[in-house]
Amino acid sequence: MAELRHPPGTFDVMPAESGPWQSVVTTFAGVVASAGYGLILTPTFEDIGVFQRIGESTDVVRKEMYDFLDKGQRHVALRPEQTASVVRAFIQHRPTTPWKAWYAGSQFRFERPQAGRYREFHQVGIEAFGSADPDLDVEVVALGWEFYRAMGIHRMELLVNSLGDAACRPSYRQLLVDYLNSRHDELCDEHRDRIADNPLRVLDCKRPECRSVTASAPRQVDHLCADCAAHFARVTEGLAALSIPFTMQPTLVRGLDYYTRTTFEYAGTALESAQNALGGGGRYDGLVAAMGGPDTPAVGFALGVERILLALTAEAVTPRPVALLDAFVVDFSGGAAARDLTARLRAAGLRVDRSFDARSPKAQFKAADRSGARLALIVGPDEAAAGTVALKDLQNVGEQVSVPSELVVGEVTRRLI
RNA sequence: GUGGCCGUAGCUCAGUCGGUUAGAGCGCCAGGUUGUGGCCCUGGAGGUCGGGGGUUCGAGUCCCCUCGGUCACCCCA
């Protein structure tokens, strides 16, 4: 049992299963590149202060932070999400706005793992800084929508809400606090004592007790100031104009305290509710300033890679596996000929593998077959003497032809078309 | 943090009432075929039965502890 294994809540993606992972990232990169987003890489860990700005009353900060003291006694944390890191980078480097960035990478939250939820998980996302234009909210939401469509996910609904801003949130918040206090005894244990702490969070509690209370709670959308109302109207108008269906969800507050105005979530309808959040995001006009930067509006989203893969499975959308190899070289003369031929073919841009250890012909052909290569290229004493390479089609029956050695690259290329 | 379920070969699993040398299928390797894959046949390698302790003449099987996995609750990705 002293066997080494990955830590709890983490996993390996072996080459045989990594195809869908690759397609998530390449598809996402293509979609966001079409709108001018550039790739950003930030550290996997940051000073814990970076993430504490997410909000002291959020679960992410209160109980899910994967933090520790390093050898220099610095209190650091593995990033639980990437928006805070991107904001920190924005403030540190002060790029000119509008500024658009996308990312892909690991996130960490220290909690008990279960289906679709891990201690190390993966997200792709975008962040756009420097504009409060509601059309930018629409662009961001639309890019996520387009990405899911490109992945082949259709059983999904888009939930949207507006949380207001500094002008209208406080008065609404008080309204909500008063309401919740009036029905204090009916709430679930966890939220009964947190009304003053973070009343909005009560809205997305899934427990029946809280649900029956929040069903008739005052809604932020009914108490928006004129600016927020106009902003939200323009967002919904834009989504309609782009033919993106959405559902108004007045209780959608999401787990992070920094959101203002627009919030949204892509919910997979083919998945269990415990892990149906495929992705989500919103506007966070106050976060940059709160973290010490210039007053800068921003909006973005993060999409969960594991959830995307779950949804693909649930919808039975299996991305077609791609062949890893064009050709497999079989050598009956010891290996030197295979060494030289694979090098030539690879230099010509072909994907080629071979056997090692001078294995038997049967074993080499078996390996060629398992590799999925389209062609087997055979070199041995006979071919060496004649200056040729035998070329065999592994996917159709039988056919084997002899090609002059110097013409092999051209012949292989021709046959792959 | 709390709770349910599960740990036997690389994988999926069987293993009766506690009984002698722990099995199957798939996969892997080799041979059948001195230079030809898939199908077939034959053979082989591969196990601390998660770990420790206990009961017993005897434990994969029963008991205790422990480690790991998995699922759920809250919340999220």
Side-chain angles (χ1 to χ4, degrees), chain A residues 1-11 14 16 24 54 57-64 80-83 105-125 144 188-191 194 198 201-208 210 252-256 265-268 271-281 301-311 328 330-334 355 357-373 375-384 390-400:
Chain A
M1 224 300 292
E3 187 178 328
L4 299 172
R5 53 175 4 268
H6 60 245
T10 66
F11 54 86
M14 300 297 278
V24 165
I54 292 169
S57 65
T58 64
D59 282 0
V60 169
V61 172
R62 290 170 75 234
K63 57 181 189 182
E64 295 172 3
E81 56 123 40
Q82 233 164 129
T83 300
S106 290
Q107 259 59 244
F108 304 83
R109 290 183 198 172
F110 198 87
E111 57 182 341
R112 287 279 287 272
Q114 62 181 278
R117 177 181 313 175
Y118 303 93
R119 285 187 175 174
E120 177 174 10
F121 61 103
H122 301 79
Q123 291 181 334
V124 293
C188 75
D189 294 343
E190 187 177 347
H191 289 117
R194 295 195 55 200
N198 192 343
R201 258 184 56 89
V202 181
L203 293 177
D204 62 10
C205 180
K206 288 176 182 170
R207 292 205 175 93
C210 285
L252 181 70
V253 301
R254 305 198 40 76
L256 306 166
E265 184 169 307
Y266 306 96
L271 296 172
E272 297 298 320
S273 70
Q275 58 261 355
N276 73 346
L278 299 180
F301 67 58
L303 315 181
V305 178
E306 287 80 4
R307 297 291 168 82
I308 292 162
L309 266 24
L310 272 181
F328 196 98
V330 173
D331 185 344
F332 303 142
S333 55
S355 285
D357 304 308
R359 303 229 286 152
S360 73
K362 179 175 178 167
Q364 291 193 54
F365 272 99
K366 197 167 182 174
D369 187 44
R370 301 286 154 83
S371 77
L375 301 168
L377 303 181
I378 304 144
V379 290
D382 296 351
E383 286 76 14
L391 188 154
K392 177 174 177 172
D393 191 319
L394 289 170
Q395 284 166 26
N396 299 313
V397 222
E399 188 192 359
Q400 185 166 326

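Values in this document were obtained by computation on a predicted structure and should not be read as measured data.
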Does [X] reach a base, just sugar-phosphate, or nothing at all? Heavy atoms under 4.0 Å.
X: A/Pro8; value: sugar-phosphate
X: A/Lys366; value: sugar-phosphate
X: A/Ala115; value: sugar-phosphate
X: A/Leu303; value: nothing

How far, in whole Å, is B/C11 from B/G3 if one measures between their C1' atoms?
-> 30 Å

Test the A/Arg119-A/Phe108 pair against the cation-pi criterion, namely NZ or CZ under 6.0 angstrom from the six-membered ring centroid and within 45° of the ring axis.
-> no

Within the distance-only criterion (no hydrogens, no angle test), does the side chain of A/Arg359 pair as donor or acceptor with the backbone N or O of A/Gln364 below 3.5 angstrom?
-> no

For the pair made of [atom1] in [X] and [atom2] in [N], what is the distance, rounded to whole Å?
X: A/Asn276; N: B/A72; atom1: CG; atom2: C1'; result: 15 Å
X: A/Gln364; N: B/G35; atom1: CD; atom2: P; result: 10 Å
X: A/Leu375; N: B/U36; atom1: CG; atom2: C1'; result: 15 Å

Secondary structure of RNA chain B in dot-bracket form (Watson-Crick or G-U wobble, distances below 3.5 Å, | marking inter-strand pairs) = (((((((..((((.....[...)))).(((((.......))))).....(((((..]....))))))))))))....

Between the protein and nucleotides 1-6 of chain B, list every N/O to N/O distance that falls short of 3.5 Å.
residue : atom : partner  : partner atom : Å
B/U2    : O4   : A/Arg112 : NH1          : 3.1
B/U2    : O4   : A/Arg112 : NH2          : 3.4
B/G3    : O6   : A/Arg112 : NH2          : 2.9

